[in-house]
Amino acid sequence: MKHKLKEKFIKIFEYSPTHSQIYFSPGRVNLIGEHIDYNGGLVFPAAIDLGTYGIVEARADMIFKFYSLNFQDDGIITVDKNHLLYEEKHRWANYAKGIISELILRNFPITHGFDLLVYGTLPTASGLSSSASLELLTAWICNEMFNLNLSREYLALLSQHVENQYMGMHCGIMDQLVIAKGVKGRALLMNTATLETTPVPASFSGFEWVIMNTNYPRKTTDSKYNERRRECKLALDIIKEHKNINYLCELNEGELRKLKKYFSDIKIYNRAKHAVTEQMRTIQSKTAMENHDPITFANLLNQSHESLKNDYEVTGLELDTLVDSARKYGAIGARVTGAGFGGCAIALVPKTAVESFHQRVGDDYFSQTGIKASFHDVTFVDGVDIYVD
Ligand code: GLA
């Protein structure tokens, strides 16, 4: 990888970088605890070995140049320090620009520009956080290059701020925080109210995690996602008139049920119901993991999917079909992972069934949707850092 990226850098920028440091920023998969990282909930993501690689060289001037091997038609995107506002035509590079722009706004000493070449192995728009991966890659590079000494947590919060304010996607903190703080071979139990993270071994002996991509393009994800956030805020405002809480996930199901009479719109009630029940499922999944109990964990995965389908309404035909096929052909549990509306699902599959699983699930899904699914075997890795071959 090192060699390949350096060669590409020389070809694109027409000079040899003085040092050939490569950085790697992972993507993420979320095992359980979906759509509650903006409701003060407990979530359970892991950083994965698919992600974004970057090679960078400092410039003597105030110009920033960006090139992606994934979007070669966009060519080199060039901006100077005084023109870092969001521009639609800069597409993917806006994530990197947003980070630099925010650091400058916060008065950090960004004293010169740089040339950055990136290469991503995450399928785009798949719900595995290619955008947060690029944000953290840029934030990490700036932290190192300009000796900012910012903590991983700070870089995650900065990246979330950029995603919210600069890109207009009102995500929670899960993706950025796990990409910053991931731990090899572990998932992170993350309390999104306190930002506390606990690395936990997240495997069951005899079983494998399989990531399944619907390959269904997620077109309106951002607007639908922001709509769900607004709906949760509405539910919280209704509840706050009767109960003193800061987050939906502070309630248990019984407490929420007692408040049902104050909801005139059942849809808004159901959004809150998902948040509250998903929080319980994540807590129970922690115990199942501690007890080495894959069956209970898998049941919780299945319940999570049903709740995201019926109460939260973020799945859709492709995801539901793929999850059903997975359960039919050997998975003991399966569910959507990430924001939903297309993208990926995960399945917990007995090792003995994995070999035929891809083929059989793929065929079944294709016969129902006409789309070819893809499957990714991933390992859980450390957060963003220098890449070591
Ligand atoms: C996206 C967001 C996260 C989280 C998930 C759903 O990945 O970026 O903050 O809300 O959706 O759990």
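Start at 1 and go down the list; that is how both ligands and their atoms are numbered.
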(message) Give the residues near ligand 1 by chain and number, with the criterion being a heavy-atom distance under 4.0 Å.
(response) R28, E34, H35, D37, Y38, C171, G172, M174, D175, Y225, G338, A339
Which atom pairs, donor and acceptor, lie under 3.5 Å between side-chain atoms of residues 262-269 and protein residues at least two apart or in another chain?
from: D265; atom 1: OD1; to: K267; atom 2: N; distance (Å): 3.0

(request) Before accepting this row, confirm whether a basic side-chain N of the pair E255/K258 lies closer than 4.0 Å to the acidic partner's carboxylate O. (result) no
(message) Count I, L, V, M, F, W, Y as connected when their side-chain heavy atoms are under 4.5 Å apart, and connections chain through other members. Are W92 and M169 then in the same cluster?
(response) no
(request) Establish, from distance only, whether the side-chain atoms of E34 and N30 form a donor-acceptor pair under 3.5 Å. (result) yes
(message) My understanding is that only residues two or more places apart in sequence, or in another chain, count here; which of them pass salt bridge (Lys or Arg N to Asp or Glu O under 4.0 Å) with E306?
(response) R327
(message) Once ring-ring contact (aromatic ring centres under 6.0 Å, His included) is applied, do any residues pair with F204, and if so which ones, sequence neighbours excluded?
(response) F297
